[in-house]
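As structure tokens, the structure follows; a few thoughts come after it.
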Amino acid sequence: MEAHSPILLFDSGVGGLTVLAELRKVLPDPPLIYAADMAGLPYGTKSESQIAARVAGLLGKMSERYRPRLVCIACNTASTIALGMVREVLEVPIVGTVPAIKPAAALTQTGVIGLLGTEATIRQAYVDNLEAEFASDKTLLRYAAPQLVDAAEAKLRGQAPSPETIKAAAEGLKALDGSERIDTVVLACTHFPLLEDELAAHFVPGTRFVHGADGIARRIAQLTQGQRFDRTQPDKAITTGDLEEFQALAPAFSEQKIDHLDRF
Ligand code: DGL
């Protein structure tokens with residue numbers, strides 16, 4: 001591995017920026033490529049086999065082209081479905097993003113945790129296993145809110161998210177049996193923390209929202225400890241989709257010190 005080898009941070013869209021924001025805080029120096037599979041967005045409404053094939057295929061090609069020192073799958077949907085498979089085929093360290101059920105279980109006082117994710121994420125055995133391991137003595141209420149993915153994408157393109165969309169997602173979770181005791185909500189999609197303020201307005205004041213981004217950033221820092229970093233090229237964001245459309249996100253990427261946008 002070379003000092004200029006990048007960290008490759010992958011998501012279906014802009015959700016990975018919530019992970020990147022935390023990563024920049026603890027690890028500002030490594031060269032970085034942000035990869036957005038805009039041509040495949042949204043993942044949450046696709047089948048397991050479609051997501052697994054797409055993510056493994058793209059990460060294989062991207063790893064060949066960019067020779068990353070580490071790959072972060074900054075997407076709960078892709079991670080809960082394809083993490084094991086990607087680890088088997090790629091030789092670089094892979095850090096996934098999975099629903100923050102463990103920290104939520106440690107925080108809840110009422111014992112009732114809400115979880116907002118994509119349709120694909122909430123039905124995964126991976127989530128059942130996290131629940132069994134860390135929250136078997138709690139109640140975990142899962143709700144799929146795929147419409148929040150579009151809302152977050154729109155927000156980062158400078159469009160105000162529709163209040164009805166946010167309300168429908170929050171009310172959907174709050175309509176589940178036992179939800180009146182929810183004091184902690186897991187944002188189990190990397191897009192959703194981009195809407196945390198808008199969502200919080202629909203919950204009892206003091207409700208806590210948790211996601212795993214800070215833990216992922218710490219894990220990456222740990223795995224790259226002692227490595228040399230030399231940024232010989234500016235960090236960039238690449239898209240599998242249309243580059244002109246992607247340019248609308250330039251200000252959002254610029255906030256994370258990425259000023260070069262390109263097509264994969
Ligand atoms: N950001 C992704 C996640 O964490 C998924 C969004 C999507 O493509 O549906 O689940």
Side-chain angles (χ1 to χ4, degrees), residues 8-23 34-59 71-83 85-86 94-101 103-104 114-127 130 142-157 161 165-166 168-169 172-173 185-196 199 209-217 219 237-241 245-246 249 252-253 256 264:
L8 180 71
L9 200 136
F10 177 89
D11 181 37
S12 54
V14 296
L17 283 171
T18 59
V19 175
L20 181 56
E22 294 302 317
L23 184 61
Y34 185 105
D37 182 14
M38 291 291 179
L41 179 85
Y43 281 179
T45 51
K46 294 188 167 53
S47 70
E48 280 70 3
S49 56
Q50 283 174 314
I51 295 165
R54 192 161 183 103
V55 172
L58 273 174
L59 285 179
V71 172
C72 172
I73 306 180
C75 173
N76 289 260
T77 314
S79 299
T80 54
I81 293 171
L83 193 55
M85 182 176 177
V86 174
I94 317 278
V95 176
T97 307
V98 299
I101 292 172
L115 183 147
L116 290 170
T118 65
E119 281 161 296
T121 296
I122 69 160
R123 65 172 181 254
Q124 293 313 308
Y126 203 115
V127 181
L130 288 174
R142 308 180 194 184
Y143 186 71
Q147 66 276 43
L148 294 180
V149 174
D150 280 351
E153 290 282 334
K155 184 176 176 182
L156 291 207
R157 285 171 172 78
T165 302
I166 311 288
L173 176 60
V185 177
V186 179
L187 299 177
C189 169
T190 52
H191 280 75
F192 297 177
L194 297 166
L195 299 168
E196 183 174 328
L199 282 165
F209 291 84
V210 294
H211 56 88
D214 53 343
I216 294 155
R219 179 75 186 133
I238 53 170
T239 178
T240 56
E245 263 174 42
F246 200 51
L249 293 164
F253 281 111
Q256 294 307 327
F264 175 65

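Predicted, not measured: the structure shown is a model, and the values here were computed from it. Sequence positions, counted from 1, serve as the residue numbers for this chain. One-based numbering, in listed order, for ligands and for the atoms of each.
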Extract all N/O-N/O pairs under 3.5 Å that connect ligand 1 to the protein, and present each with both atom names and the distance rounded to 0.1 Å.
{"unit_1": "ligand 1", "atom_1": "1 (N)", "unit_2": "Asp11", "atom_2": "OD1", "d": "3.1"}
{"unit_1": "ligand 1", "atom_1": "1 (N)", "unit_2": "Thr190", "atom_2": "OG1", "d": "2.9"}
{"unit_1": "ligand 1", "atom_1": "1 (N)", "unit_2": "His191", "atom_2": "ND1", "d": "2.8"}
{"unit_1": "ligand 1", "atom_1": "4 (O)", "unit_2": "Asn76", "atom_2": "N", "d": "2.8"}
{"unit_1": "ligand 1", "atom_1": "4 (O)", "unit_2": "Asn76", "atom_2": "ND2", "d": "3.4"}
{"unit_1": "ligand 1", "atom_1": "4 (O)", "unit_2": "Thr190", "atom_2": "N", "d": "2.8"}
{"unit_1": "ligand 1", "atom_1": "4 (O)", "unit_2": "Thr190", "atom_2": "OG1", "d": "3.3"}
{"unit_1": "ligand 1", "atom_1": "8 (O)", "unit_2": "Ser12", "atom_2": "OG", "d": "2.6"}
{"unit_1": "ligand 1", "atom_1": "8 (O)", "unit_2": "Tyr43", "atom_2": "N", "d": "2.6"}
{"unit_1": "ligand 1", "atom_1": "9 (O)", "unit_2": "Tyr43", "atom_2": "N", "d": "3.2"}
{"unit_1": "ligand 1", "atom_1": "9 (O)", "unit_2": "Gly44", "atom_2": "N", "d": "2.8"}
{"unit_1": "ligand 1", "atom_1": "10 (O)", "unit_2": "Thr77", "atom_2": "N", "d": "3.1"}
{"unit_1": "ligand 1", "atom_1": "10 (O)", "unit_2": "Thr77", "atom_2": "OG1", "d": "2.6"}

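- Side-chain contact between His191 and Ser12 is present, with at least one heavy-atom pair separated by less than 4.5 Å.
- When the salt bridge (charged side-chain N to carboxylate O under 4.0 Å, His left out) test is applied to Glu119, no partner is found at least two apart in sequence or on another chain.
- Lys155 places no side-chain N or O within donor-acceptor distance of the main-chain N or O of Leu195, the cut-off being under 3.5 Å.
- Smallest separation of non-hydrogen atoms from Gly16 and Leu9: O-CD2, 3.5 Å.
- Between Phe264 and Phe246, the distance from one ring center to the other does not fall under 6.0 angstrom.
- Contact check on Glu245 versus Arg157 returns no salt bridge, with no Lys/Arg side-chain nitrogen under 4.0 Å from an Asp/Glu carboxylate oxygen.
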